[in-house]
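A, B, ... follow the sequence lines: proteins, then strands. Residue 1 opens every chain. Basis for what follows: all heavy atoms, side chains included, without hydrogens, waters or symmetry-related copies. Note that the coordinates shown come from a computational prediction; the quantities given were computed from them, not determined experimentally.
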2 protein chains.
Amino acid sequence: MALFHPTPEQFAIENVLTALGNPTRLAVVRDLSDDGEHPCGSLVRGVAKSTMTHHWRVLREAGVIRQDPSGREVMLTLRRKELDARFPGLLDAVLLAAAEAADACAEAQAAAAAETAAVLPVAAPA
Amino acid sequence: MALFHPTPEQFAIENVLTALGNPTRLAVVRDLSDDGEHPCGSLVRGVAKSTMTHHWRVLREAGVIRQDPSGREVMLTLRRKELDARFPGLLDAVLLAAAEAADACAEAQAAAAAETAAVLPVAAPA
DNA sequence: CAAATTGTTCGAACGTTCACGAACGGTCGT
DNA sequence: ACGACCGTTCGTGAACGTTCGAACAATTTG
């Protein structure tokens, strides 16, 4: 009873876009974008295991990730080559956009931290 | 009470992906990709008006389209430049993928039609 | 002014998605 | 064999998305 993986011909653009259109899943794909193999457990983000299982399934059934058991873990990989062949440029554009969004978020946090430091100079580092 | 349009800084990648991850909306964006101005009514696809209003709102609030009243119509335009500036390559990749999907669909229909013609030669044209 | 046209708003219905905890089934170490 | 570990499955509930029809507002046409 192996996990279902669509073939590239079965990829549907709307499924891929829907899969990537969720912050949790997009963050996972971003973590996977180094093209390494990651166990499920190394990408959990503040939600229950069963919730992540749901997200893995959405990503897998859209063709975005591969998920294959290895021992007692399940290894995740981004299906980058197949995705690129089927939807050229899409994954790169999404990853670029996601990186930009993450940067903007980091900058906003840094700005907020700087403002806090200015308002509360007592807490400012030497 | 003009319709709300986000500024490019307000665009969020997850909103854009979610907006494009629906077949009806993706078809609308495809129709809009000639960069012309189209009235709402020229892009209706077999669903109720109120349903299309919903889809237009989703696309507009994600920053994908601009929607401005002109007379008793509402003209739609793709916000291609702003989208490209914010998420480089994304729209092109999605449109390319959508075109490929549409082609595959057309081929499938053609193949089905050919098969029907073979099975029912009586209905075949001279 | 009255009627037709265009699209929006509203409320309701229906299905799907997202989230959780509990229970389960493999796999590894002891 | 036993227990710990990893992830899935199941059932549940809240939230969301999609669809519709009816009613509405604005505008053009007769």
Worksheet item: Can you name the side-chain hydrogen bond (donor to acceptor under 3.5 Å, both in side chains) partners of Asp84(A), sequence neighbours left out?
Response: none

Worksheet entry | For Arg57(A), side chain to side chain contact (heavy atoms under 4.5 Å, CB included) partners two or more places apart | His54(A), Arg60(A), Glu61(A)

Item to complete: Starting at atom NE2 of His38(B), determine the distance to atom C1' of dT6(C), rounded to an integer number of angstrom.
Response: 17 Å

Worksheet item: Residues two or more places apart in sequence or in another chain: which of them pass side chain to side chain contact (heavy atoms under 4.5 Å, CB included) with Thr18(A)?
Response: none

Item to complete: Sequence neighbours left out, what passes side-chain hydrogen bond (donor to acceptor under 3.5 Å, both in side chains) with Arg80(B)? Give chain and number order.
Response: Asp35(B), Asp92(B)

Practice prompt. Write down the distance between CD (Glu73(A)) and P (dT8(D)), rounded to a whole number of angstrom.
Written response: 12 Å

Item to complete: Enumerate the residue pairs fulfilling salt bridge (Lys or Arg N to Asp or Glu O under 4.0 Å) with a member in residues 45-54 of chain B, sequence neighbours excluded, ordered by first and then second residue.
Response: Asp31(B)-Arg45(B)

Discussion item. Without decimals, in angstroms, what is the distance between Arg45(B) CZ and dC20(D) P?
Written reply: 14 Å

Fill in: Strand contacts (DNA chain C) in residues 46-71 of chain A, 4.0 angstrom heavy-atom criterion
Val47(A), Ala48(A), Ser50(A), Thr51(A), His54(A), His55(A), Gly71(A)

Discussion item. Rounded to whole Å, please give me the gap between CG in Leu3(A) and C1' in dT9(D).
Written reply: 12 Å

Practice prompt. Using the salt bridge (Lys or Arg N to Asp or Glu O under 4.0 Å) rule, collect all pairs that involve residues 9-20 of chain A, keeping only residues at least two apart or in two chains.
Written response: none

Discussion item. Which residues in residues 20-31 of chain A have a heavy atom closer than 4.0 Å to any atom of DNA chain C?
Written reply: Asn22(A), Arg25(A)

Worksheet item: Does the pair Cys40(A) and Met75(A) meet the rule for a side-chain contact (heavy atoms from CB on, under 4.5 Å), with working shown?
Response: CA-CA 6 Å; Cys40(A) 285; Met75(A) 304 307 282; over 6 Å; no

Item to complete: Measure from CG on Leu43(A) to C1' on dG7(D) and round the result to the nearest Å.
Response: 14 Å

Practice prompt. Map Thr18(A) and Met75(B) onto DNA chain C by nearest heavy atom, then report which one ends up closer to the 5' terminus.
Written response: Met75(B)

Item to complete: Report the nucleotide, chosen from dA4(D), dT5(C), dG7(C), that has the shortest atom-to-atom distance to any side-chain atom of Arg72(A).
Response: dA4(D)

Item to complete: Would you please name every residue forming a side chain to side chain contact (heavy atoms under 4.5 Å, CB included) with Pro6(B), sequence neighbours left out?
Response: Phe4(B), Gln10(B), Phe11(B), Arg79(B)

